[in-house]
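Structure, as structure tokens:
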Amino acid sequence: MSEASDLEQRFEDKIAADERIEPKDWMPDAYRKNLIRQMSQHAHSEVIGMQPEGNWLTRAPTLERKSVLLAKIQDEAGHGLYLYSATETLGVTREELVAALHEGRAKYASIFNYPSLTWADIGAIGWLVDGAAIVNQISLQRTSYGPYARAMVRICKEESFHQRQGYQIMVRLAEGSEAQKQMAQDALNRWWWPSLMMFGPHDGESAHSAQSMLWKIKRMSNDDGRQKFVDQTVPQADIIDLTVPDPDLKWNEARGHYDFGEINWDEFMQVISGNGPCNRQRLGQHKKAHEEGAWVREAMAAYAKRKAETAHD
Ligand code: FAQ
């Protein structure tokens, strides 16, 4: 057997045995590229995802709500950092990844291109957006690339707290005045469908799924994740007497799952092509923060250089 096919065989054997691929292991180029794509987009999503919530920091209704929201947003920044670091183990730099985002070569989750208009949106983001993210990320704890899988374990623990704090905001609003309940219902109406879009196109339309499933980068299909999310979230809406905005939503006894309506895929395509309600604002804000933070990066690099030099003295 040639050296190349030997390496490839060892890689395939590890995948088949459910062992983790680690940074120093040989891996096919396409596996590496696919991981860089998915992991960096995941990292960008965490960081851009801070913006819709940051919008409400100065207007949170109480000091306690404000400190919880602040902690959540800081967690999202931390998730971005773990994920960028994990992606860097694949041989790319943070600068390259950020440049790809700024130049429109890398995506981030469609959901963060919708505006957060009321305080109830902060509840809906925690409940639905973190809820959908967890369904996906729990499966990614078993992804085949070691650094990605390990990052997911900690991220899932934190996302689970985020989901609860969001649901708790919705519970309080739903049991409040008529106007507060209306606000909660309106937030559910606006965030429901974009949350279902987070899972990506139908399995048959998903460009990367087949190969990603074979390599165990993905452990759950887009449609299976979406179904799981619907099944676990609809009863939560029922408990607080809010209505999921889908006339086709119906429990299907034979399948043991909810049937639900079709996503507006034109809207999804528009949003992931850069034409959603807030795409320009989100990317513009990220670029501005990046430029304004240049001096911090320069200072850190100078400090690291100085420290390395003095270590040799
Ligand atoms: N938005 O072939 P597939 C969070 C793109 S974290 C934008 O099915 P794949 C935490 C896809 O990239 C949320 N683009 O792709 C938080 C591909 O385009 P490309 C992020 C999407 O990778 C909460 C093309 O469509 N989570 O929320 C979307 O096999 C609150 C074809 O699609 C992750 O990133 C979309 N929704 O499956 C933070 C999890 N869907 O790359 C703050 C990791 C698809 O060829 C506040 N990622 N596309 O140009 C994944 O699991 C997968 O990448 C999927 C998509 C499932 C998202």
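Heavy atoms only: backbone and side chains are in, while hydrogens, waters and symmetry mates are out. Ligands are counted one by one from 1 in listed order, and the atoms in each one are counted from 1 as well. In this chain, residues are counted from 1 in sequence order.
Residue contact annotation: Glu159 has a non-hydrogen atom under 4.0 Å from ligand 1. Residue Glu53 places a heavy atom under 4.0 Å from ligand 1. The shortest separation from a heavy atom of Pro201 to ligand 1 is under 4.0 Å, placing the residue in contact. At least one heavy atom of Lys72 sits under 4.0 Å from some atom of ligand 1.
Side-chain contact between Tyr145 and Arg20: absent, with no pair of heavy atoms (C-beta onward) separated by less than 4.5 Å.
Residue, atom and distance of the protein heavy atom nearest to atom 50 (C) of ligand 1 are Gln38 NE2, 3.5 Å. The nearest protein atom to atom 12 (O) of ligand 1, hydrogens excluded, is given as Gln41 NE2, 3.0 Å; this is a heavy-atom distance. Closest to atom 57 (C) of ligand 1, if we only count protein heavy atoms, is Met198 O, 3.9 Å. At the shortest separation from atom 49 (O) of ligand 1 among protein heavy atoms lies Lys107 NZ, 2.5 Å. Closest to atom 45 (O) of ligand 1 among all protein heavy atoms lies His208 NE2, 2.6 Å. With respect to atom 41 (O) of ligand 1, the closest heavy atom belonging to the protein is Arg37 NH1, 2.9 Å. Regarding atom 27 (O) of ligand 1, its nearest protein heavy-atom neighbour is Phe112 CZ, 3.4 Å.
For atom 54 (C) of ligand 1, the nearest protein heavy atom lies 4.0 Å or farther away. Closer than 4.0 Å to atom 16 (C) of ligand 1 lies at least one heavy atom of the protein.
Under 3.5 Å, the side chains of Asn279 and Arg282 contain no donor-acceptor pair of N or O atoms. One side chain, Gln9 or Asp13, offers a donor N or O that lies under 3.5 Å from an acceptor on the other.
Ion pairing between Arg142 and Asp18 fails under the 4.0 Å rule for side-chain N and carboxylate O. By the 4.0 Å N-to-carboxylate-O rule, Glu291 lies too far from Lys288 to be salt-bridged with it.
Remark: ligand 1 atoms within the under-4.0 Å shell around heavy atoms of Ala133 are 4 (C), 27 (O). Close approach to Gly49 involves these atoms of ligand 1, each under 4.0 Å from a residue heavy atom: 42 (C), 46 (C).
With a 4.0 Å heavy-atom cut-off, ligand 1 is reached by the backbone of Met197 but not by any atom from C-beta on. Of the heavy atoms in Asn222, only side-chain atoms (C-beta onward) come closer than 4.0 Å to ligand 1.
Surrounding NZ of Lys228 are at most 12 heavy atoms belonging to other residues, nucleotides or ligands under 6.0 Å away. Around CZ of Arg154, the count of heavy atoms belonging to other residues, nucleotides or ligands within 6.0 Å does not exceed 12. Counted within 6.0 Å of CZ on Arg164, heavy atoms from surrounding residues, nucleotides or ligands total 12 or fewer; the atom is thus considered open. The number of heavy atoms from other shown groups lying within 6.0 Å of CD (Glu205) does not exceed 12.
For the ring-ring contact (aromatic ring centres under 6.0 Å, His included) with His44, the lone residue among Tyr84, Phe112, Tyr108 that qualifies is Tyr84.
Screening residues 267-305 for ring pair (Phe, Tyr, Trp, His ring centres under 6.0 Å) gives His102-His286, His102-His290, Trp265-Phe268 as the qualifying pairs, with residues at least two apart or on separate chains.
Here the shortest heavy-atom pairing between Gln232 and Val135 reads NE2-CG2, 3.6 Å.
Remark: among candidates Lys218, Arg219, Gln211, the nearest residue to atom 29 (O) of ligand 1 is Lys218, based on non-hydrogen atoms. Of the candidates His44, His42, Met213, His202, the one placing a heavy atom closest to atom 43 (C) of ligand 1 is His42.
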